[in-house]
Each structure stands twice: as structure tokens, then as C-alpha cells.
S.K.: 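This is the structure I want to talk about, given as C-alpha cells.
In this text, all values refer to a predicted model and were calculated from it rather than measured experimentally. Letters go in sequence order (proteins before strands), and every chain restarts at 1.
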Amino acid sequence: MWIKASGRAAMLGLKKKILEQLRGAVEQAQREGALPPGSLPDVEVERPQNPGHGDLATSLPLRAARAFRVSPMAIAEAIASRLPALEELEPVTVAPPGFINFTLRTRWLQEQVHHILSQGEAYGDLELGAGQRVLVEFVSVNPTGPVHVGHVRGAVLGSTLARVLEAAGYRVTREYYVNDSGSQMEVFYRSVWIRYQQVLGRDVEMPPGGYMGTYVVDLAREIHGERGDHFLRLDETEAIREIGEVALERMVQAIREDLGLIGVDFHVWFRERDLYQDSAYQKAMSMIRNGGYVAEREGARWFVSTALGEDKDNVLVRSSGAPTYFASDIAYHYDKFLTRRFERAINIWGADHQGHVSRVKAAVVALGVDPRLLDVIIVQMVTLKRGGEVVRASKRTGELVTLRELVEEVGRDACRYFFSARSADAQMEFDLDLAKRESQENPVYYIQYAHARIAGILRNAREKGLQSEEGDVSLLNTGEEMDLIRKLVLLPELVETVSATLEPHHLAYYALEVATAFHWFYDHCRVIGEDPADQDLVRARLKLVEACRIVLARTLHLMGMTAPQRM
RNA sequence: GUCCCUGUAGCUCAACCGGACAGAGCACCUGCCUUCUAAGCAGGUGGCUGCGGGUUCGAGUCCCGCCAGGGACGCCA
């Protein structure tokens, strides 16, 4: 019955139930005069880091001591003695200086194996998001060059987050914002045009600040290979426009393919130009103008962000008449919230965009949207290392380590693992040698190896014609088995935590913990034994192993990694 | 100069809303393969959480001040 009440995630349901009972016990104690009247601090149930303190604990008595003017231990006793017994839990205990500890019953933990098996690949799914529509916008690299290592971090973070939010019950749209207009694109188009002419033997110079990367030369050669000298026959303005179009589409296509190499894909490739064609730009501008946030001065049009608490105003339209990218961004957010009516939006930006966060939020306010609906995650820089040496990227020449090169060198899974294992707001080092080394010092293989080992056991069982349907989970009672189950039941909470904090790096640590618990189990508990008398235990352990496989595979898939059948 | 992020074991990083002895991986030392994969397991060494104050029953976590590293402060994106 409690399983039904708690829905898909039994563990989460249990936590909620304990919270309610704690509140009830306090009220009862107050009615009975064991505790003084007064309101409670926030009641929380947390996971003690020391296993000796049980599976769950609350520090409520410590928090309430001041308000109640009663010693924490006395409060703990008063509450604990009034908590109704739960079939999921051992009797609660009180521990100094004032904790109440809860320990899961063996019987309940054993049943969780069935719970996981019944959920299958959906284990970990929640209804937290209640179908809310969320836009996750990430990568959005300017289509002036290929994706390089600096962008990969945001790509991995965004796609992992999107997967987790989906698991948590949100309706997620993954979107790439293509900056296909603006002055940088003009420079790019001109760069391609110059290279194209050079391919045809014309003596022309690259413009100052032009895109010097060799990929531009390659691009020009490709275009020449397909279109010949077609563009030379046009007048220059027209030539730049036309060849620019071709180059743009090719770059977008290349970016799409490169991101595909690490399992990153998008529902929508949103074109900046559409903001102007669909009049989102005009609507957004008139909206903030009507709000009194626009001023004309020094020949330009400004967004008066100081009126919204910003340090300074920002230009919307240059004196040349060209809108800034900031103006596009306002129109883009108008489109996100007011045209497409997303209920929530998450932007993932690089550290170099950090200064834009507050002004975009100000703009959102000016559009009449609650800024809390917009989360901006800033991912810090990546330092690339090779055997302790920093690999310097030269932006001048455009010679950066590209995503493609990275994947070719270290592989997709290692790449995703290392980028998703770090919290976004810490700068990180990516050691190519470590990521690529397929040895025991690489956590990627440690985790995948656990999955492959399980797959091996299940294969073995199948070959021997062993069935687990009749397995009796109550036979699972060694320390290794219980520790493993204790890890497995955490997945739904993990999905909850990640979607609440928007910090997917917890997944990597969890995967490592599950793998550790499994390897430990594997070394101590043989699943398929020789002794025919032990067939009951074999069937029970097959169930546990399959549950573990489900959890590992799900966690790996949430991280966008593969779960290999053999290694 | 102003704003943002970071500073935790030799290295790379965790630590959920402030909680119980600060945890992993790698590196280093010692053991374990006639049994489902040793890409594994067990044990050991390793810490003034950058420094100094403060708040709190309790601080790696919150506040103030320093120091150090990175980023941002354009009519660039």
C-alpha cells in the first residue's frame, strides 16, 4: 500500500512520510505538554555520511532547541517516543547531541529489488516536473568555426541536464541558438570570400580580425570544388552574401555532426534571423519601450538597465542602425517566454558571458517575465593538459583543439565522463593522457566494467538456462548485498537532486559508488555457483544483479555514456 | 578600480538547505587469480579545508577583511 502511495520512487515516498510523522510527533508532544508551544524550524531529513548513523537522520531537535528552550536530547526523546512505527524502518534511535536516526529494514530493502525490476528502464523516473515545458539552450557556438574543447563542457552539461530533467518529468526542448546575423558573421563571410578568391589565384589579403583558421581555407576549397568560379562572376557585395550563405549552412552542418559525435543533439536549431523576420524583435522592443526602458542618446538607442538596478545601461541599436547582439537576445527571450510560452528556460553559457547574466535577467523583467523562470548556468573554463603540460590554444591563428580531434583521441565515453564529473562553477583541467588511458586509473572503465561484468553473469545464466523469476529476495542478506541495494535505491533521489540543483556532476560520483558496491559484492558473493543445492540463492542473486544492471545502465545513459555488454 | 567563479590529501576533484570522526579516484607501499571478466578486491601511508576575524549548540559550507588563480567590465559575440 505504501508503495502505491509513493508512486514510482519508494525511497522518496518514504522520506516524505517520515517528514509528516516528525511534524505530527512534535504537534502531539506539544498537545501533551512534553514540548512547549511554538513554531518549528524547517524540518529536514538527510542522509548521514556515517553509515553507523543509519540510513536517514534529522537534526530537528538541535534546530528546535533554541526556540523551545529545551535540551536537544530531551526534544529528540519526546519526538522519537511519539513516532509511530513504520514497517519500512527499524525502531528509531536517538543519538547525541540530538539527532534522530532511521534505519531501513532489511525486509524493505530486499523488496526494493522487486521495485527496481518492476520499473525496469524507467527506474529513476519521477513526476517532479509535472510535464512542465522547459527550454534548455546550450552550446550556441557562433557558426564561424568548428566546436572546440572549450565548448564541449557546456555541450555535455546541457545534454546531461536535459536527460535528467526529462527523467524528472519535465517536457524538455533542447535548443541551439544560431547567431547567423551580426558583425562577426559579416567578418566570417568576408574571410571565406577572401580565401575563395585566393584559391582561384587572386592576390587578396585577409581583413584585419578575420578568421585565420585553416578550416576557412578548407571551406573555400570545398565551395570552389562544387561551385567553381561562380562567385567571381558576381559583384563583391552579392558574392559575399551568396558565398556567406553557403559557408553558414556548411558550418552549421559541421557543428551538428561534430556534436553528434558525443551524443549531443537538438530539437531546435533556432536562427537569430528569424527574430527579425517573425517580428519578435519589433514586439520585444516596443514592449520595453512602452515600459520606459529605452532611451536615445549619443546617436544610439539604449536599454536603461540602470532603472532595474544594473550598473550601467546597454546599447540596443548602434548609431550605425545595426542592433547589438544584446538586442537580439532580448528578442530571443521574448520568443522563448512570450511567443513559445515556455514555463521555464535554462541557458548554459561560458564563463566569458558571465557579465551578461544580470542584464539579460533585467531585460526579462522588462518583458514582464518573472526572472526566476530563467536559470543561467555559467560553466567555467577548461584547461587542456597533456601529461602535465598545458596545451595552449592559440586564438589568433584559430588553431584550437577541436571537438572532433578530442573525440578521436580519447573517445566519446571518456570525454563525456570527465566533463560531466566536474561542477560547472569550478575551473577544470582535462588531462588528455588520463582520459585516454584505458587502465585502472581511469574511472570511466571502472564503471563500465561493472556493467560488463553483470552482462557477463546474465549471459552465463542464460546459457545455463537459469531463471530468476522464482528468486526469493529474502535470501539476500549479506553485508555486500545490503550495501549494494542501499546504493541502488538512491537513484530517484539523485534525479531529484540534480533537477533541483541543476548540477549533473553528482551522477558521475553516484555511478562510481554503485560500481564500487557492485565490485565489492562480486568479489564476495558468487552468483552462479556449482552447487545445485544453492539454486534458490542463485535465483535471488540474479535478481539483484539485474537490478544493479538497470541502475548502472540508467545512470550511464543519463550521462550520455554507453553501457557495454563486454569489455 | 568594480563585479562573478575558484582555493579541500602529492595530483584531479566531491561533500545535498550549516550537522555527527572532511570523502573518492589517481599516485605510493603490502597482500589476493584451479571459481561468473584481476579494466577487479582487501589493507596501509597521506589534511591547520589559502590566511585572519565574526555569527552559531555546531562552519569546508554563512558574514567581514586580506592573499592567490581564472573570467567579465565594447555602439564585439
S.K.: Look at all strands and tell whether A:Met185 reaches a base, only sugar-phosphate, or nothing, counting heavy atoms closer than 4.0 Å.
M.R.: nothing

S.K.: Under 4.0 angstrom, heavy atoms only, what part of the nucleic acid is A:Leu62 near: base, sugar-phosphate, or nothing?
M.R.: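 Base contact.
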
S.K.: Contact class for A:Gln427 vs. all strands (heavy atom < 4.0 Å): base, sugar-phosphate, or nothing?
M.R.: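 A:Gln427: base contact, heavy atoms under 4.0 Å.
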
S.K.: Pick base, sugar-phosphate or nothing for A:Ala500, based on heavy-atom distances below 4.0 Å to the nucleic acid.
M.R.: nothing

S.K.: Assign each of A:Ala421 and A:Gly299 to its nearest nucleotide of RNA chain B by heavy atoms, then name whichever residue's nucleotide is nearer the 5' end.
M.R.: A:Ala421

S.K.: Give a yes or no on whether a donor-acceptor pair under 3.5 Å exists between the nucleobase atoms of B:C75, that is its base, and the side chain of A:Ser319.
M.R.: yes

S.K.: Both conditions, 6.0 Å and 45 degrees, for the charged tip of A:Arg453 above the ring of A:Phe518: are they met here?
M.R.: no

S.K.: Does any donor atom in the side chain of A:Asn179 or A:Gln184 lie under 3.5 Å from an acceptor atom in the other side chain?
M.R.: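 The answer is no; no qualifying pair exists.
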
S.K.: Please report the interatomic distance CD(A:Glu137) to OH(A:Tyr176), rounded to the nearest 0.5 Å.
M.R.: 10.0 Å

S.K.: Do A:Asp413 and A:Arg416 sit within salt-bridge range, that is, some charged N less than 4.0 Å from a carboxylate O?
M.R.: no

S.K.: Within the 4.0 Å heavy-atom criterion, would you say A:Gln448 contacts the bases, only the backbone, or no part of the nucleic acid?
M.R.: nothing

S.K.: So what's B:C32 paired with, Watson-Crick or G-U wobble, going by both distances under 3.5 Å?
M.R.: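 Here B:C32 is engaged in a pair, and the nucleotide opposite it is B:G40.
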
S.K.: Does B:A77 have A:Tyr325 stacked on its base, where the ring centres are within less than 5.5 Å and the planes differ by under 30°?
M.R.: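 No, aromatic ring not over the base.
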
S.K.: Is the ring of A:Phe99 stacked on the base of B:A20, with centres less than 5.5 Å apart and planes under 30° off?
M.R.: yes

S.K.: Can you tell me which nucleotide in B:C75, B:U6, B:G19 comes closest to the side chain of A:Asp425?
M.R.: B:U6

S.K.: I want to confirm an ordering. Mapping A:Thr497 and A:Thr58 to their closest nucleotides on RNA chain B, which one lands closer to the 5' end?
M.R.: A:Thr497

S.K.: Taking only the side-chain heavy atoms of A:Asn179 (C-beta and beyond), determine which of B:G70, B:G19, B:A77 contains the nearest atom.
M.R.: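 Nucleotide nearest to A:Asn179's side chain: B:A77.
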
S.K.: Kindly label the base of B:C67 as syn or anti, based on whether its glycosidic torsion lies within 90° of 0.
M.R.: anti

S.K.: Using Watson-Crick or G-U wobble geometry with both distances under 3.5 Å, which nucleotide pairs with B:U55?
M.R.: none

S.K.: Who is the Watson-Crick or G-U wobble partner of B:A68, with both distances under 3.5 Å?
M.R.: B:U6

S.K.: Under 4.0 Å between any heavy atoms, over every strand shown, what does A:Phe418 touch: base, sugar-phosphate, or nothing? Just pick one.
M.R.: nothing

S.K.: Applying a 4.0 Å non-hydrogen cut-off, can you work out what A:Ala452 is touching in the nucleic acid: base, sugar-phosphate, or nothing?
M.R.: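 If one applies the 4.0 Å heavy-atom cut-off, A:Ala452 turns out to touch a base.
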
S.K.: Looking at A:Lys15 and A:Glu46, is any side-chain nitrogen of the basic one under 4.0 Å from a carboxylate oxygen of the acidic one?
M.R.: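 A:Lys15 and A:Glu46: not salt-bridged.
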
S.K.: Heavy atoms under 4.0 Å, any strand shown: does A:Ser423 hit a base, just sugar-phosphate, or nothing?
M.R.: sugar-phosphate

S.K.: Looking for any heavy atom pair under 4.0 Å, which part of the strands does A:His353 touch: base, sugar-phosphate only, or nothing?
M.R.: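 The residue A:His353 makes base contact.
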
S.K.: Just name whichever nucleotide pairs with B:G25, Watson-Crick or G-U, keeping both distances under 3.5 Å, else none.
M.R.: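 For B:G25, the partner nucleotide comes out as B:C11, under the 3.5 Å rule.
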
S.K.: Any base atoms under 4.0 Å from A:Asn101, or only sugar-phosphate, or nothing? Heavy atoms, all strands.
M.R.: base

S.K.: In the strands shown, is B:A20 matched to any nucleotide by a Watson-Crick or G-U wobble pair with both distances under 3.5 Å, and which?
M.R.: none

S.K.: Looking across every strand, which nucleic acid part, if any, lies under 4.0 Å from A:Arg47 by heavy atom: base, sugar-phosphate, or nothing?
M.R.: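 It contacts base atoms.
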
S.K.: For A:His53 and B:A20, are the ring centres under 5.5 Å apart with planes inclined under 30°?
M.R.: yes

S.K.: Under 4.0 Å, counting only non-hydrogen atoms across every strand here, what does A:Ser183 touch: a base, just sugar-phosphate, or nothing?
M.R.: sugar-phosphate

S.K.: Taking the side chain as C-beta and beyond, is there a heavy-atom pair between A:Arg271 and A:Val252 under 4.5 Å?
M.R.: yes

S.K.: Counting any heavy atom closer than 4.0 Å, what does A:Ala65 reach on the DNA or RNA strands: base, sugar-phosphate only, or nothing?
M.R.: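 If one applies the 4.0 Å heavy-atom cut-off, A:Ala65 turns out to touch nothing in the nucleic acid.
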
S.K.: Let's see if you can work this out: which of B:A39, B:A77, B:G19 has an atom nearest to the side-chain heavy atoms of A:Met567?
M.R.: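 That would be B:A39.
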
S.K.: Are A:Glu310 and A:Arg359 within salt-bridge range, i.e. N to O under 4.0 Å?
M.R.: no

S.K.: Just name whichever nucleotide pairs with B:G1, Watson-Crick or G-U, keeping both distances under 3.5 Å, else none.
M.R.: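 Result: B:C73.
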
S.K.: Partner of B:C48 by Watson-Crick or G-U wobble geometry, both contacts under 3.5 Å, or none?
M.R.: none

